[in-house]
A.B. asks: 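This is the structure I have questions about; it appears just below.
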Amino acid sequence: MKLKNAVNDVQSMSQDGDAILRSLQNKSLPVIDLLVRESLQNSLDATLIGKKETKVDFLIGKFNSPNLANHFEGITQRLTSRFDGTEEFIAIKDRNTSGLTGDYRANDARTANKSNFFKLVFGIGKNQEAEGAGGSWGLGKTSYFRLGIGIVIYYTRVETENGFEERLIASLIESPKQKNRLLPANGRGIAWWGDFEENNLSQLLPITDGEEISKFLEIFNIERYKDDETGTTIIVPYLGRNEMFAEVKDEEAYPWEQSREDAVKIAVQRWYIPRLMNENYSAYHETSLLNCTVNGKGFVKGYNTEPTFDVFQDLYSSALIGKAINKDIEVKPVFLKRNSMKEPSKNPVGNIAFIEVNKVDMQMISPNNKFSPLEYIGVKDEQKIELNNSKIIAYSRKPGMIVEYNVDGEWSPKSNIQKENHNLLGFFVPNSNGELIDKIQEIGYKNLEQYLRATENADHANWIDEDGIRIIQRIHEYTSKIINDHFVGETEEKQTSATSGLSRKFGKLLLPPKNYGKTSSRKGTDPKNKINVGKRNRISDIRVLSSNPISENIVDVDFNVSIQKKSANRIFLQILTQEKKIEKKEWKEKISEHQEFPFEIENLFINTVEGKKYDVYYEEFKDPEISFEQLGDKSEIRIYSNTLNPIVIEGKLTLKIKTSDFIPNIAISSEIKQGDE
């Protein structure tokens, strides 16, 4: 193939290879993930109308470097001397797509900008203009050049007015800062390989001769398109050989990160599970689903897909259609009251679907021993993984690529609303076709899909509001509130936490000055005791009646606790801060592993149970249906009730205060025993 170097005109403000390679800006995602996200998005955007499936094959294999080098004018010797044996490649071959259509002989910018061939091969920052397309910046393809040494090969078959036509062309983007450059005399580090017409060396054209293309593809053992097939195949040779983006060996890498084939399999599920073999997607949008293979092996839900991604697909489908497809999934519409959708009371901005899952649900125990949802989405925070108590909210637009997995962030409540050792998984699906108010339409966004697409980063890894428009910020706020309200409002059936601030007398004597931190968030006040009593709609409730300082660091706290029938309860201590309430476990994991938790429960004295006097310490209490237990580290008291009716217990907690720097809070969490009403 003939070489064409990019013009290096100092007055043209043209980018060099280094600027282009770094333009994507995403340093947190593995380059394999960036490649999968970009390539599948391009294929899905190019799907032919009426096709039920978009077929994409990832091919990972080896090739003979000298055989390939012979096809590249100007760098044959350098390639052969540096890579004289077998090297690795990855190819992405799609079908049921249009291929790289458009005029490749265009001489004017207007015609070239309408050509998909020109946009992909020669353009940077040329966006997809089709309605509902995934790409909006045209920068994602830079991931292709970072995976290998900068060479990317494009093979495509398109249908023209004169029948089917094949096209083959290659390009190079390398940084002028590299030491071992393939084209050291090329000032910009950008070049292409194809063919020239006689007497016209200014315009490079693709190779269109079938036999020549066939010989070239044989190097990679890739078949040509045939019959009425159209599509595009992108080949990236010399995997892992880029000195600017060298692969970093992670000693704590997950198993799938140690194999490119496995890494692609996980990345396909991680980012495209909404559309991957999902008939709910194709039925709702009346467009294609994604049928993907990796080295000839496809994806079958429940057979060779990971349980984590199976759940996320069910969540997506539920949010998409607005109805749970699984009895354990909750689906709620998200309404913004104003300044967003037309007729905001009727048109939600989208739906949020969510579910609580434990290790059994995620097949994390023997014999399957699967990884946690956090690990599958790429999180490597050991504390979060061990705690197994995160809130993970995914979201995506119409094309079906997950934009981000938001972990314990602005999409979900800050407090621990779910059960211990449970993760909360959620999926927000926007009302893409919902019309926006006239004020927003006037600046160019007719519907929500257009606005969200325009606000994505170049790597499509986040949504960020435009200045003066708070749609995304309010989606975060409303979604978080909906999830929180669901759990707080279901306290008769699920675990809850009812808290009560200590009395004012105790606070004045031992705690920091007035207005330090926050009092309990519960509403309502007992006018006699002037204490925070909390709402009474919970499984179990605790009230602080009074407090009596015994010494500088010991306080007796009189309390009244309501225990529901057949329930397991834990009375525990928290620290009140301006942001949230902190338990002992979170204190150790996130605040101070070495500093002691500021409070302890020294003992529990039981005065009465349902009005019957006992006046004994918990160790001496005897009742076949009620039992008490204290943890060895004095962090909590547990009360187990097997009675058929709720009970009220009055007693006294002896509280040890190790420092007056923090405000204590007494709380209770409860869980009705499984199978009981």
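All of these numbers come straight from a predicted model, not from anything done at the bench.
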A.B. asks: Would you call Glu87 and Lys62 a salt bridge, using N to O less than 4.0 angstrom?
C.D. replies: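 No.
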
A.B. asks: Charged N to carboxylate O below 4.0 Å: is that the case for Asp94 and Lys55?
C.D. replies: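 Judged by the 4.0 Å cut-off on N to carboxylate O distance, Asp94 and Lys55 do not form a salt bridge.
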
A.B. asks: Rounded to the nearest 0.5 Å, how far apart are CD of Glu375 and CD of Glu257?
C.D. replies: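 Between Glu375 CD and Glu257 CD, I get 10.0 Å after rounding to 0.5 Å.
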
A.B. asks: Determine whether Lys332 and Asp485 satisfy the following criterion, salt bridge (charged side-chain N to carboxylate O under 4.0 Å, His left out), listing intermediate values before the conclusion.
C.D. replies: CA-CA 11 Å; Lys332 308 282 186 181; Asp485 288 351; over 6 Å; no

A.B. asks: If you measure from the Lys or Arg side-chain nitrogens to the Asp or Glu carboxylate oxygens, is any gap between Glu229 and Arg157 under 4.0 Å?
C.D. replies: no

A.B. asks: Are Trp411 and Tyr478, when compared by the centres of their aromatic rings, separated by less than 6.0 Å?
C.D. replies: no

A.B. asks: Determine, using ring centers only, whether Tyr451 and Tyr445 are less than 6.0 Å apart.
C.D. replies: yes

A.B. asks: Determine, step by step, whether Ser282 and Glu279 satisfy the side chain to side chain donor-acceptor pair (under 3.5 Å) criterion, reporting the C-alpha distance in whole Å, the side-chain angles of both residues, the deciding distance to 0.1 Å, and the verdict.
C.D. replies: CA-CA 5 Å; Ser282 57; Glu279 294 183 358; over 6 Å; no

A.B. asks: Could you tell me whether a side-chain N or O of Thr479 sits under 3.5 Å from a main-chain N or O of His476, the two making a donor and an acceptor?
C.D. replies: no

A.B. asks: Tyr405 and Trp271: aromatic ring centres closer than 6.0 Å?
C.D. replies: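 Between Tyr405 and Trp271, the centre distance is under 6.0 Å.
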
A.B. asks: Would you check if there is a donor-acceptor pair between the side chains of Asn278 and Tyr284 at a distance under 3.5 Å?
C.D. replies: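 Tyr284 vs Asn278: no donor-acceptor pair found between side chains.
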
A.B. asks: With under 30° as parallel and over 60° as perpendicular, where do the rings of Phe63 and Phe220 fit, or are they tilted in between?
C.D. replies: tilted

A.B. asks: What's the spacing between Leu59 CG and Lys93 NZ if we round to 0.5 Å?
C.D. replies: 7.5 Å

A.B. asks: In terms of side-chain heavy atoms, does Glu166 have a donor or acceptor partner in Tyr155 at a distance below 3.5 Å?
C.D. replies: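 Yes, a side-chain donor-acceptor pair sits under 3.5 Å.
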
A.B. asks: For the OH atom of Tyr376 and the CH2 atom of Trp256, what is their distance to the nearest 0.5 Å?
C.D. replies: 5.5 Å

A.B. asks: Please say whether more than 12 non-hydrogen atoms of neighbouring residues, nucleotides or ligands are located less than 6.0 Å from CD in Glu410.
C.D. replies: yes

A.B. asks: Looking at Tyr254, does the NZ or CZ of Lys380 lie under 6.0 angstrom from its six-membered ring centre and within 45 degrees of the ring axis?
C.D. replies: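 Here Lys380 passes the 6.0 Å and 45° test against Tyr254.
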
A.B. asks: Quick check: are there more than 12 heavy atoms from other residues, nucleotides or ligands sitting under 6.0 Å from CD of Glu223?
C.D. replies: no

A.B. asks: Can you check whether Lys419's main-chain N or O pairs, donor with acceptor, with Asn389's side chain at less than 3.5 Å?
C.D. replies: yes

A.B. asks: Would Asn388 and Asn421 satisfy side chain to side chain donor-acceptor pair (under 3.5 Å), going step by step from the backbone distance to the final call?
C.D. replies: CA-CA 5 Å; Asn388 198 53; Asn421 211 19; 3.2 Å; yes

A.B. asks: Check this for me: Asn64, atom CG, are more than 12 non-hydrogen atoms of other residues, nucleotides or ligands nearer than 6.0 Å?
C.D. replies: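 Correct, the count exceeds 12.
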
A.B. asks: Would you give the length of the straight line joining atom CG of Leu290 to atom OH of Tyr272, rounded to the nearest 0.5 angstrom?
C.D. replies: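 Here the interatomic distance stands at 8.0 Å.
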
A.B. asks: Can you list the steps and then say if Val407 with Ile377 is a side chain to side chain contact (heavy atoms under 4.5 Å, CB included)?
C.D. replies: CA-CA 10 Å; Val407 180; Ile377 66 172; 3.8 Å; yes

A.B. asks: Given the ring of Phe117, does Arg167 sit roughly above its face, with NZ or CZ under 6.0 Å from the centre of the six-membered ring and within 45° of the axis?
C.D. replies: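 Satisfied, under 6.0 Å and within 45°.
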
A.B. asks: Report the C-alpha separation of Asn295 and Glu261 in whole Å, then their side-chain angles, then the decisive distance to 0.1 Å, and conclude whether the side chain to side chain donor-acceptor pair (under 3.5 Å) test is met.
C.D. replies: CA-CA 8 Å; Asn295 279 352; Glu261 182 175 331; 3.1 Å; yes

A.B. asks: Under 4.0 Å between a side-chain nitrogen and a carboxylate oxygen: does that hold for Lys370 and Glu306?
C.D. replies: yes

A.B. asks: As an exercise, state the distance from CD1 of Ile402 to CD of Gln313, rounded to the nearest 0.5 Å.
C.D. replies: 10.0 Å

A.B. asks: With the threshold set at 4.0 Å, does a side-chain nitrogen-carboxylate oxygen contact exist between Arg95 and Asp57?
C.D. replies: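 Salt bridge present between Arg95 and Asp57.
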
A.B. asks: Just by distance, do the side chain of Arg224 and the backbone of Ile213 share a donor-acceptor pair under 3.5 Å?
C.D. replies: no

A.B. asks: Considering all heavy atoms of both residues, which atom of Ser366 and which atom of Asn369 are nearest to each other, and what is their separation?
C.D. replies: N-OD1, 3.2 Å

A.B. asks: Should Asn96 and Thr54 be marked as a side chain to side chain donor-acceptor pair (under 3.5 Å) after you check the CA-CA gap, both sets of side-chain angles, and the distance that decides it?
C.D. replies: CA-CA 6 Å; Asn96 289 348; Thr54 304; over 6 Å; no

A.B. asks: Using the six-membered ring wherever Trp is involved, compare the ring planes of Phe427 and Tyr316 and label them parallel, tilted or perpendicular (cut-offs 30° and 60°).
C.D. replies: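 Rings of Phe427 and Tyr316: perpendicular, as their planes differ by over 60°.
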
A.B. asks: Excluding sequence neighbours, so at least two apart, what forms salt bridge (charged side-chain N to carboxylate O under 4.0 Å, His left out) with Glu53?
C.D. replies: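 Once residues adjacent in sequence are excluded, Glu53 has no partner under the salt bridge (charged side-chain N to carboxylate O under 4.0 Å, His left out) criterion.
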
A.B. asks: Do any N or O atoms from the side chain of Ser317 and from the backbone of Asp314 form a donor-acceptor pair under 3.5 angstrom?
C.D. replies: no

A.B. asks: Check this for me: does any side-chain nitrogen of one of Arg453 and Glu449 sit under 4.0 Å from a carboxylate oxygen of the other?
C.D. replies: no

A.B. asks: Check the angle between the aromatic planes of Tyr238 and Phe83 and answer parallel, tilted or perpendicular using the 30° and 60° thresholds.
C.D. replies: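 The arrangement is tilted - the two ring planes meet at 30° to 60°.
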
A.B. asks: State which residues pass ring pair (Phe, Tyr, Trp, His ring centres under 6.0 Å) with Phe335; sequence neighbours excluded, sorted by chain then number.
C.D. replies: none

A.B. asks: Drop me the distance from Met401's CE to Glu38's CD, to the nearest 0.5 angstrom.
C.D. replies: 8.5 Å

A.B. asks: Kindly say whether Gly298 contributes a backbone atom to a donor-acceptor pair with the side chain of Asn304 at under 3.5 angstrom?
C.D. replies: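 Flag set: sc Asn304 to bb Gly298 pair under 3.5 Å.
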
A.B. asks: Run the ring pair (Phe, Tyr, Trp, His ring centres under 6.0 Å) test against Tyr281 and tell me which residues pass, sequence neighbours left out.
C.D. replies: His285

A.B. asks: Is there a donor-acceptor pair closer than 3.5 Å between any side-chain N or O of Asn351 and the backbone N or O of Ala319?
C.D. replies: yes

